[in-house]
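So the structure is just underneath, and the comments pick up after that.
Letters go in sequence order (proteins before strands), and every chain restarts at 1. It should be emphasised that the depicted structure is a prediction, and the values quoted were computed from it without experimental measurement.
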Number of protein chains: 2
Amino acid sequence: MKNSEEDKDLSFDYDFLDKLVVGIGEVSQITKIATRQIRYWEEKGIIKSLTEEEGKNRRYDYKNIKKMLLIKELLDEGYTLDASAEKVKNRLEMIEETLTKIKKGNH
Amino acid sequence: MKNSEEDKDLSFDYDFLDKLVVGIGEVSQITKIATRQIRYWEEKGIIKSLTEEEGKNRRYDYKNIKKMLLIKELLDEGYTLDASAEKVKNRLEMIEETLTKIKKGNH
DNA sequence: TCATTAATTGTAATTTATTTACAATTTTAA
DNA sequence: TTAAAATTGTAAATAAATTACAATTAATGA
């Protein structure tokens, strides 16, 4: 069947996710978290953007966005910000491990 | 094994790709195509950004970025811009079909 | 209840990034 | 060599993001 061709196009996406960088406005659009709140979380040390220099626009990667989405979920469940951040840590490590494995497998 | 948990986190990513929006600066960072060139391709009708209103910043989705990456490859192979765009069309349709299938499967 | 900390939100002034538009340059192919 | 295709340059205007200082709104324990 022709599925192999389609799969080839999609298997690439782990590389894509790896290269992905997004500005704060887009993160806000994607996650539905206000830019003001994202900056606040960063101020508190919960997340860390990839900003190259002070004053330049913030950049976020896949892992960052993932983290924000997970934190948002936990906040909605009633956890505090710090507790959410702590809980999310473990899941993120798992995601990263998996990505690493997949990347190694594909090269 | 604990793979099922990790997979759960990653299977979500098709939804993520579906929601993804990126500005022109980030597209340029991701694809290594100059912003000037991206605007030129758009001017020529090769790609279409999701700009809401004239004058507002351009927004691109996953499919757009994918298209640019493919076009870039074909240009490097020696195809003209129009020929590249034409060739890329088919592969994009396949990608879209696959994404649609996967999405349907997950809900 | 009241005080305290956590969490969030507001916004002015400034800076960075993007847009449009007009033009110039380089490349390609007949 | 000429014409069309492809790309690049940039000034002026606009949009979006930054920082910093402040205010407001929960949430919680004494």
Side-chain angles (χ1 to χ4, degrees), chain A residues 19-89, chain B residues 19-62 64-65 67-89:
Chain A
K19 278 189 287 185
L20 189 68
V21 286
V22 187
I24 196 170
E26 291 87 32
V27 172
S28 180
Q29 252 189 282
I30 294 166
T31 63
K32 308 293 180 192
I33 301 168
T35 59
R36 189 66 186 76
Q37 192 164 18
I38 294 171
R39 284 192 208 98
Y40 168 65
W41 289 0
E42 186 159 351
E43 193 179 299
K44 286 224 34 174
I46 301 298
I47 51 175
K48 291 163 220 50
S49 74
L50 317 169
T51 321
E52 289 154 19
E53 292 175 68
E54 158 122 0
K56 300 277 182 180
N57 288 9
R58 289 170 172 80
R59 288 289 143 93
Y60 301 94
D61 59 11
Y62 173 68
K63 212 178 131 194
N64 267 317
I65 301 172
K66 215 62 182 165
K67 186 167 188 178
M68 292 186 232
L69 286 169
L70 291 172
I71 287 176
K72 191 188 176 194
E73 274 182 35
L74 293 177
L75 280 180
D76 288 343
E77 284 180 28
Y79 289 98
T80 66
L81 189 54
D82 288 330
S84 300
E86 185 57 34
K87 239 175 153 0
V88 149
K89 241 187 185 174
Chain B
K19 279 188 288 184
L20 190 67
V21 285
V22 186
I24 197 170
E26 290 87 33
V27 172
S28 180
Q29 253 189 280
I30 294 166
T31 63
K32 307 291 178 192
I33 302 167
T35 59
R36 189 64 186 78
Q37 193 164 16
I38 294 171
R39 284 191 206 99
Y40 168 66
W41 289 0
E42 186 159 351
E43 191 179 299
K44 286 225 33 175
I46 303 297
I47 50 175
K48 290 164 220 49
S49 73
L50 317 169
T51 321
E52 291 155 17
E53 292 175 66
E54 158 123 0
K56 299 277 182 180
N57 288 10
R58 289 169 172 81
R59 289 288 144 93
Y60 301 94
D61 59 11
Y62 173 69
N64 267 316
I65 301 171
K67 186 167 186 177
M68 292 186 231
L69 285 169
L70 292 172
I71 286 176
K72 190 189 177 193
E73 273 181 36
L74 293 177
L75 281 179
D76 287 343
E77 284 179 28
Y79 290 98
T80 66
L81 189 53
D82 288 330
S84 300
E86 185 57 35
K87 239 173 153 3
V88 150
K89 239 186 186 176

Review point. How close do B/N64 and B/S49 get, heavy atom to heavy atom, and via which atoms?
Key: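 Smallest interatomic distance, heavy atoms only, reads ND2-CA, 4.3 Å.
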
**Study point:** End axis versus end axis in the helix from C/dT1-D/dA30 to C/dA30-D/dT1, the angle rounded to 10°, five pairs used at each terminus
**Key:**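 Terminal axis comparison yields 40°.
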
Separation of [N] [atom2] from [X] [atom1] (nearest whole Å):
{"X": "B/E26", "N": "D/dA16", "atom1": "CD", "atom2": "C1'", "value": "11 Å"}
{"X": "A/E54", "N": "D/dA20", "atom1": "CD", "atom2": "C1'", "value": "11 Å"}
{"X": "B/I24", "N": "C/dT18", "atom1": "CD1", "atom2": "P", "value": "7 Å"}
{"X": "A/R39", "N": "D/dA16", "atom1": "CZ", "atom2": "P", "value": "13 Å"}
{"X": "A/I38", "N": "D/dT18", "atom1": "CD1", "atom2": "C1'", "value": "14 Å"}

Check your understanding: Which value, rounded to the nearest 0.5 Å, describes the distance between B/K19 atom NZ and A/Q29 atom CD?
Key ->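 One gets 12.0 Å once the value is rounded to the nearest 0.5 Å.
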
Review point. Should A/N57 and A/I24 count as side-chain neighbours, where that means a heavy-atom distance under 4.5 Å?
Key: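 Side chain of A/N57 against side chain of A/I24, heavy atoms only: no contact under 4.5 Å found.
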
Check your understanding: Do the non-hydrogen side-chain atoms of B/E77 and B/L74 ever get within less than 4.5 Å of each other?
Key ->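 Side chain of B/E77 against side chain of B/L74, heavy atoms only: contact under 4.5 Å found.
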
Please write out the pairs of protein N or O atoms and N or O atoms of nucleotides 3-9 of chain C separated by less than 3.5 Å, giving the distance to one decimal.
residue : atom : partner : partner atom : Å
C/dA7   : OP1  : A/L81   : N            : 2.8
C/dA7   : OP2  : A/K44   : NZ           : 3.0
C/dT8   : OP1  : A/Q37   : NE2          : 3.1
C/dT8   : OP2  : A/W41   : NE1          : 3.1
C/dT8   : O5'  : A/Q37   : NE2          : 3.4
C/dT9   : O4   : A/R36   : NH2          : 2.7

Review point. So what does B/R58 hit on the nucleic acid, given a heavy-atom distance under 4.0 Å: a base, only sugar-phosphate, or nothing?
Key: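 Counting heavy atoms under 4.0 Å across all strands, the contact made by B/R58 is with sugar-phosphate only.
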
Exercise for review: With DNA chain C as reference, determine whether B/E53 or A/K56 sits nearer its 5' end, using the nearest nucleotide of each.
Suggested key: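 Nearest nucleotide further toward 5': that of A/K56.
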
Point to revise | Nearest-nucleotide 5' precedence on DNA chain C, B/T51 against B/G78 | key: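 Its nearest nucleotide lies further toward 5', so the answer is B/T51.
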
